[in-house]
Amino acid sequence: MGVLAAFRRPPFLTAIEREQVEAGLATARRHAGTPLGLVIDDQPAGDPAVRAELLFREWDLPEAERPAAVLVYACAATRRFAVVGGEAIRRVAPQAFWEALDRDLTRHFEEGRYCDGLFKAIAQVAIQLQYH
């Protein structure tokens with residue numbers, strides 16, 4: 001093993017983990033009742049909240065669905081994330097939900113458990129969307 005190989009970061013998600021997250025997303029979408037999206041960005045994008053907001057605005061959704069939609073964003077290059085929700089879901093889902101979601105994702109990302117964090121976040125968002 002070369003000297004540089006020892007410093008190489010493991011992949012953000014393996015191919016199997018990406019499949020698991022995609023399968024979880026497909027299931028969550030069936031139960032959510034409103035649009036639920038996931039973007040895994042492989043390029044450094046600066047502030048993840050700004051990037052997620054931009055992607056949310058550019059998301060090809062009917063305008064009637066946008067207020068209740070949620071987009072989970074993760075940057076593989078920087079290992080950072082953001083969750084963006086439309087105004088209706090932000091209004092009805094309690095602030096404690098959004099704070100807990102952020103805490104959970106932060107903990108998972110700090111521990112390098114990206115797949116677990118994204119999978120759990122998607123499930124929590126789907127439950128919240130279905131509830132409201």
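Annotation: cation-pi geometry satisfied between Arg66 and Phe56 (NZ/CZ under 6.0 angstrom from ring centroid, within 45° of ring axis).
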Decide side chain to side chain contact (heavy atoms under 4.5 Å, CB included) for Asp104 and Arg107; before the verdict, give the C-alpha distance in whole Å, the side-chain angles of both, and the deciding distance to 0.1 Å.
CA-CA 5 Å; Asp104 284 350; Arg107 183 175 39 82; 3.4 Å; yes
Verdict with supporting geometry, Arg30 and Thr27, side chain to side chain donor-acceptor pair (under 3.5 Å)
CA-CA 5 Å; Arg30 285 193 299 274; Thr27 299; 3.2 Å; yes
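The CH2 atom of Trp59 sits 9.0 Å away from atom CD of Glu65, with the distance rounded to the nearest 0.5 Å. In this structure, Leu36 CG and Ile89 CD1 are separated by 10.5 Å, a value rounded to the nearest 0.5 Å. One distance of note links OG1 of Thr106 with CD of Glu111; it measures 11.0 Å at 0.5 Å rounding. In this structure, CD in Glu53 is found 10.0 Å from CG in Asp47, a value given to the nearest 0.5 Å. For the atom pair CD of Glu17 and CZ of Phe12, the computed distance is 9.0 Å after rounding to the nearest 0.5 Å. Here the CG atom belonging to Leu118 is positioned 5.5 Å from the CD1 atom belonging to Ile40, to the nearest 0.5 angstrom.
The same ILVMFWY cluster, assembled from side-chain heavy atoms under 4.5 Å apart, contains both Phe81 and Trp98. Tracing side-chain contacts under 4.5 Å through hydrophobic residues (I, L, V, M, F, W, Y), one never reaches Leu71 starting from Val125; they form parts of separate clusters. Leu13 is not connected to Val39 by any chain of hydrophobic side-chain contacts under 4.5 Å among Ile, Leu, Val, Met, Phe, Trp and Tyr, and they are in different clusters. Connection of Val70 to Phe119 is not established within any shared hydrophobic cluster, with ILVMFWY side chains joined at heavy-atom distances below 4.5 Å, either directly or through further cluster members.
Evaluated for a side-chain contact (heavy atoms from CB on, under 4.5 Å) with Tyr73, the options Leu55, Val84, Val83 yield exactly one hit, Leu55.
For the pair Gln20 and Cys115, the minimum side-chain heavy-atom distance is below 4.5 Å.
With hydrogens and angles disregarded, no donor-acceptor distance shorter than 3.5 Å links the side chain of Glu19 to the backbone of Ile16. Between the side chain of Arg80 and the backbone N or O of Pro48, no donor-acceptor pair lies under 3.5 Å. Panel note: side chain Thr34, backbone Ala69; no donor-acceptor pair is recorded below 3.5 Å.
Salt-bridge formation is detected for the pair Arg18/Asp42: a Lys NZ or Arg NE/NH1/NH2 atom is positioned less than 4.0 Å from an Asp or Glu carboxylate oxygen.
The aromatic ring centres of Tyr114 and Phe109 sit less than 6.0 Å apart.
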